[in-house]
Structures are given as structure tokens and as C-alpha cells.
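Just below is one structure, and these are the notes that go with it.
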Amino acid sequence: MELEALNKPTAEDKKIQEELRASGNIPGHIAIIMDGNGRWATKRFLPRVAGHREGVGSVRDIVEVCGQLGVGYLTLYAFSTENWNRPQDEVSTLMRLLLNSLREETDKLHRNNVRLTAIGAIDKLPGEVQKKLADAISITKGNTGLTLNLALSYSGRWELVNAVREIALKVRQGEIELDDINESLISDHLTTSGIPEPDLLIRTGGEYRVSNFMLWQLAYSELFISPLYWPEFRRQHLYEAIRDYQNRERRFGLVSEQVRRRNNGGEKSLAAKIFQTITGE
Ligand code: IPE
Ligand code: IPE
Ligand code: MG
């Protein structure tokens, strides 16, 4: 019974995953804007919340397969700062769904060696959710597999405002000098401090925008927009996104020739140094 719940790939998944590993890099950090729940439901003449409920199935499937593939970090944009302004009953349903998912899934995450973390204004969430979330984070904190990072009551601008405040306070208190402010200091004051920047950003629901998500961290992420609504997005679509990612040339502002030299293991070139700074590889 315990074993059944463990995250073992089927033979077919195993084959696809081996092929993916052989054909290129598996992204170390995948971030997903899970959009289109409402439209999925409306198209079926269902209330929007039915789409949110169905979307939980996609979360389960994508988390499971990221764990199997050896993805290091999966960040899911589940609720934005602006989403608080939606109709009250939709907000309450989303919070209840989150609470129930934490109740039902924490054990399984733990058994599958998943470490749960969260970013955002967590203190704005209902007390019960905060408690369950803190429990789940604490239960799974020693796990060494996939890190599942939930963005809740999160926005990129909210995060940047907080970082600027913290840094300004440190300057005022004489802890740091103005000259100490650089990219790495700013990164260290973001909620994602210690987490590598996303290699691949997936947005479902077909919109070509970032909707206030990870504004700093997405600087050099590869973007994949899927026309599918989030409840329809399952493992085969993730495989497709990763295949697409593997065919991109990440140039980080350089020219192809420099990138090729770096990838062919040439001498420690300028490209290698820039790659190292940006990707931490
Ligand atoms: C994403 O789906 C879930 C949240 C933002 C919480 P939406 O609810 O935005 O669905 P659409 O975009 O209206 O279809
Ligand atoms: C982005 O989706 C936020 C989440 C998926 C949590 P939205 O539906 O809120 O974004 P917009 O309104 O289409 O930009
Ligand atoms: Mg939306």
C-alpha cells in the first residue's frame, strides 16, 4: 500500500524520460504560471471553481513527473497578489482547495522525498492554511529530491519592494555600504534566495505575459507558452516543453560562436565565465 503510493514511473514514462535525459539537459528549475482554470470550466458550462478543482490533478501529475525526471526545483504560481481582488467566493474556494491539497498530499510528497517551500506574503493567507503550510514545510524540510516551491500571495513587484526596503534599512544602519549593492546582493534579498533562477518558464492558457511573476529571476529563462488550459496540461505536455527547451540555444547575450566554444569544453572563455556567473553552473 505504501509502495503503491510511491512515485515510480511506468515503463512508458521510463522510456520517454531516458530519451529526454539522453537528448539534452533536464532543466534544473522549471517555473509554471498555471493559467486557464476558469476558461476550462466556462467552456464546459461549469462554475470557474470547477476548473480550479480539476487543476489540482495537473499539479499532482506535473509534480510527480518532475520528481521522476530529477528536476531540482519546480515553482508553481498558484495565487498572485492581484488575485486577492477576485470575487470573494472564488478566493475562499481557492484557499479551501489549497488547505485540502496540503492535508491530502503532504504524506505523499514526503514519501516521495519532495521538499516543500513557499514564497509570497504567507502571512496574508488564512490562519488554517498558514498552519498546514508550515507543518508541510517542516515535515518535508530534510528531503533531498525535488523542491516544490509554491508561489502564494506572490508577485514580483511585491518581492522587489521588500528587497529594496531591507537593503535600504541595512545601509541606514551601517551594516552595508552603497557600493555593496550589486546583482548578487539583490538576489540574496529576494524570496528565492538560494534557489537557482528558472531555466524554463511555462505558461498555460495561451497568454503571452508574465503577470507579475518572478520579474527579476526570469531575466534569462526560456519561455514556453502552451495554448492548453492548466487542467488539460499533463505529463506528455511537460515532456514536449522540455524537448522544446532542449532545442533552444541559450546565449545570455553572447554570439553563437562563443556559446559553441563553451559547450565544446574549450578554454575557459569569456562565454564560460559569463555562463558561470549567470547560471551558477
Ligand atoms: C489560474 O486560472 C488560477 C489562478 C489564477 C488562481 P484562472 O483562474 O486565472 O483561469 P482563467 O485565466 O480565468 O481562465
Ligand atoms: C496569473 O494568472 C496568476 C496565477 C496563475 C496564479 P492570472 O489569470 O491572474 O493573470 P492575468 O490576469 O491573466 O494576467
Ligand atoms: Mg487567468
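Whatever order the structure lists ligands and atoms in, that order sets their numbers, starting from 1.
- Side chains of T117 and N149: a donor-acceptor N/O pair is present below 3.5 angstrom, by distance only.
- The part of N83 lying near ligand 1 is the side chain, judged by heavy-atom distances below 4.0 Å.
- Ligand-side atoms of ligand 1 in range of H52: 3 (C), 8 (O), range being under 4.0 angstrom from any heavy atom.
- The aromatic rings of W158 and Y154 sit perpendicular to each other, their planes meeting at more than 60°, with 30° as the lower class boundary.
- Considering only heavy atoms from C-beta on, P198 comes within 4.5 Å of L218 through its side chain.
- Looking at heavy atoms from C-beta onward, R250 lies out of side-chain contact with V259 at the 4.5 angstrom threshold.
- Nearest protein neighbour of atom 4 (C) of ligand 1, counting heavy atoms only, is R86 NH1, 4.0 Å.
- Counting heavy atoms from C-beta outward, F233 and L238 have side chains that approach closer than 4.5 Å.
- The aromatic rings of W84 and F79 sit perpendicular to each other, their planes meeting at more than 60°, with 30° as the lower class boundary.
- When only non-hydrogen protein atoms are considered, atom 10 (O) of ligand 1 lies nearest to G38 N, 2.9 Å.
- There is a side-chain donor-acceptor pair under 3.5 Å between N37 and H52.
- Nearest-residue assignment for atom 8 (O) of ligand 2 (options L152, L76, D35, N37; heavy-atom criterion): D35.
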| query | Would K170 and E166 satisfy salt bridge (Lys or Arg N to Asp or Glu O under 4.0 Å), going step by step from the backbone distance to the final call? | reply | CA-CA 6 Å; K170 287 186 182 169; E166 276 179 37; 5.1 Å; no
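- Contact between R234 and E54 at its shortest, heavy atoms only, is NH2-O, 3.7 Å.
- Residue-level proximity to ligand 1 for A78 is carried by the backbone, the only part with a heavy atom below 4.0 angstrom.
- Short contacts between ligand 2 and R209, defined as distances under 4.0 Å to a heavy atom of the residue, involve ligand atoms 11 (P), 13 (O), 14 (O).
- Under a 4.0 Å criterion applied to the non-hydrogen atoms of R39, ligand 1 contributes the atoms 11 (P), 12 (O), 14 (O).
- Of the charged side-chain nitrogens involved, none lies within less than 4.0 Å of a carboxylate oxygen, so that E128 and K131 do not count as a salt-bridged pair.
- Among protein heavy atoms, atom 1 (C) of ligand 1 sits closest to M34 O, 3.0 Å.
- No side-chain heavy atom of Y245 sits less than 4.5 Å from a side-chain heavy atom of L223.
- Within the 4.5 Å cutoff, side-chain heavy atoms of L178 are placed close to those of I181.
- Around the Mg ion (ligand 3), the protein contributes the following N, O or S atoms at distances under 2.8 Å: D35 OD1.
- The backbone of F79, and not its side chain, has at least one atom closer than 4.0 Å to an atom of ligand 2 (non-hydrogen atoms only; backbone = N, CA, C, O).
- Residue R48 has at least one N or O atom closer than 3.5 Å to an N or O atom of ligand 1.
- Regarding atom 14 (O) of ligand 2, its nearest protein heavy-atom neighbour is S211 OG, 2.6 Å.
- Not a single heavy atom of G205 lies less than 4.0 angstrom from ligand 1.
- Annotation: L94 places no N or O atom under 3.5 Å from an N or O atom of ligand 1; distance criterion only.
- For ligand 2, the atoms closer than 4.0 angstrom to any heavy atom of I33 are 1 (C), 5 (C).
- Listed by first then second residue, pairs satisfying salt bridge (Lys or Arg N to Asp or Glu O under 4.0 Å) with a partner in residues 74-90 read R48-E90, R86-E90, not counting sequence neighbours.
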